[in-house]
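Read through the structure below, which is laid out as structure tokens, and then see the notes.
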Amino acid sequence: MIALVDCNSFYASCEQVFRPDLQNKPVVVLSNNDGCVIAANKEAKALTHIPMFEPVFKIKEVLKANNVTCFSSNYTLYADMSQRVMDTLREFSPNVEEYSIDESFVDLSHYSISELDAIANEIKDRVHKNTGIPVGVGIAKTKSLSKMANKFAKKVAENNGVYVVENEEKRIAMLKYFSLKDIWGIGRQHKTRVEKTGAKSAYDFTKVPLAWVRKEMTVVGERLWRELNNFPCHEMTIKVDKKKGIGTAKSFGYKLEDYGLIEEATSYYVAEVADLLRQQNSAASYLEVFLHTNSFSNTDKQYRNKIVITLDIPTNSTIKLTQEALKGLQKIYKPGYRYKKVGVQLLGLVPDTDIQTNLFYQPKKSESSKLTTVIDELNSKFGKNCVKLATVGNREKQWALIKEHRSPRFTTQWNELLTIGKSKS
Amino acid sequence: MESGKANLVEKSKKSYRVKRPSQTGFSSPATHYTEPRIDLNDALINNPSSTFYVRVIDDSFSEFQILKDDVLIIDKSLTPKQNQLAVITKEGAFEITRIDKDSKEEIQLWGVITYIIKSTL
């Protein structure tokens, strides 16, 4: 049996662990640059006039009127809290698949069916006690069913955040509760097609003949059908596939005209993605740089452009990639515009062990992997960007994301610890 | 993180393995006796995933010999025993209390204080 453990409104919950004054109060978390709402807790969701992904400036008044506390996203904190949750889950099973920052599949095949109800409750209670993060637990024989059980656990109050599909009766009751659109992994197109057969609930879908599903919904639909019928098709995945492309693009905190600042931001992003590239032992064959103005603005002149650079040989050297990216940036940059965003993308990733060298290419000493290794080691020991290329500069404040309401990084920085005392700090 | 290793439990970097002698002349007579240096984490942190640190900013809790600038080590996984110190929340604020099982007052536990780090300088 497999459990799907999912944290309840994870980002908001992370913030609330360190803010007892916000218990049972509405909390929302904003996207990078404080642009829009990306997460809301139960209390905030209950205020129906807070739409998700709505630009903050449009709902500022509503947030204020309802006393909603807003946080800038503090991904450093969320990543550490996530790790704590996952580590606690590993106390129950050696086989934990981190599916996303706030949900995990946990292999519970070493427990007998009769124990699972108690185990599910124990998981829920222990994660909450040890980390402060509330979770829901769904347990079933297949991943698709456990995902659904998790949803069922949270949706139906009497389930109390836990649902174990331990017998046919409970499986059917759950499938009958959900409509087609609630099935994890069923797209709109397929949903419409299934509806034409007269099926309404998830249960009806499991009764559609397999031959029809195979013909109309391909192998993906067939797997889903089998999984919901209690035949596992998706194994636990422990190996993380290497990424096929790595990129980053963030809006500037302010609109920028100055080429120097855009160059610094670009260098910064190249260093970030090149580091990820080396961590997965890959090298990039192409590098894309793009730049654009704020397309939402009615007053700004608009411009957007991108350039794809083919590298002589695939590389993962920050120095080489930065040089190429800045050459590219120079080609697409046009003065006189107020830029909002720059991004870099590494493409055509190959293993760094079988880089085919060009007959006429002699790598320069500055691109040597030894230098890069030393820089990586220093940065991992003393902090991100402890050693950086001069092109990154030190004017980050003038272009970096706005994070006006970011909470302290309570668990990773000595100088941002949670404080306690009666005099208000 | 390296592909395929993402989900393994992170092991401590500490190594008890005998180090190959690095002396250029006589190899060290201590070769088979070296041990990793003491690490405070071993002594002070039993459950890393439930351990949190809190800094005290004034002398409000001097009755517990907890003073300004002390750092508390808190383990949320523990269930407090009689007379142990704990961080609790009361009316939305953090407090420190000594656990009294006989008390009728209900408390909202945040975590048990396991150590207090003080500077003597």
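None of the values given here were measured: they were computed from a predicted structure. So you know, we letter chains A, B, ... as the sequences are listed, proteins then strands, and number each from 1.
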Top residue by heavy-atom pair count (under 4.5 Å) with chain B, among Arg84(A), Gln23(A), Arg126(A)?
Arg84(A)

Evaluate whether atom NZ of Lys129(A) has more than 12 neighbouring non-hydrogen atoms of other residues, nucleotides or ligands under 6.0 angstrom away.
yes

Met81(A) versus chain B, heavy atoms under 4.5 Å apart: side chain, backbone, both or neither?
side chain

All heavy atoms of Phe18(A) vs all of Phe94(B), minimum pair found to be O-CE1, 3.7 Å

Where does Val17(A) contact chain B at under 4.5 Å (heavy atoms): side chain, backbone, both or neither?
both

Residue from Leu276(A), Leu22(A), Asn95(A), Asn130(A) scoring the most non-hydrogen pairs under 4.5 Å with chain B is Asn130(A)

Just wondering, are more than 12 heavy atoms of other shown residues or ligands nearer than 6.0 Å to NZ in Lys101(B)?
yes

So which of Asp58(B), Asp59(B), Ile57(B) actually passes side-chain contact (heavy atoms from CB on, under 4.5 Å) with Lys422(A)?
Asp58(B)

Is it the case that over 12 heavy atoms from other parts of the model lie below 6.0 angstrom from the NZ atom of Lys68(B)?
no

For residues 48-56 of chain B, give me every residue with a non-hydrogen atom less than 4.5 Å from any non-hydrogen atom of chain A.
Pro48(B), Ser49(B), Ser50(B), Thr51(B), Phe52(B), Tyr53(B), Val54(B), Arg55(B), Val56(B)

As an exercise, state the distance from CG of Asn47(B) to CG of Asp87(A), rounded to the nearest 0.5 Å.
11.0 Å

Flag the pair Thr131(A) / Lys76(B) as yes when at least one side-chain heavy-atom distance between them is below 4.5 Å, and no otherwise.
no

Neighbour count >12 (heavy atoms, 6.0 Å) for atom CD, Glu91(B)
no

Any non-hydrogen side-chain atom of Ile96(B) less than 4.5 Å from a side-chain atom of Ile420(A)?
yes

Does a sphere of radius 6.0 Å around CD in Glu235(A) hold more than 12 heavy atoms from other residues, nucleotides or ligands, not counting ones at 6.0 Å or beyond?
no

Side chain from CB out, backbone as N, CA, C, O: work out which of these in Leu78(B) comes under 4.5 Å of a heavy atom of chain A, or both, or neither.
backbone

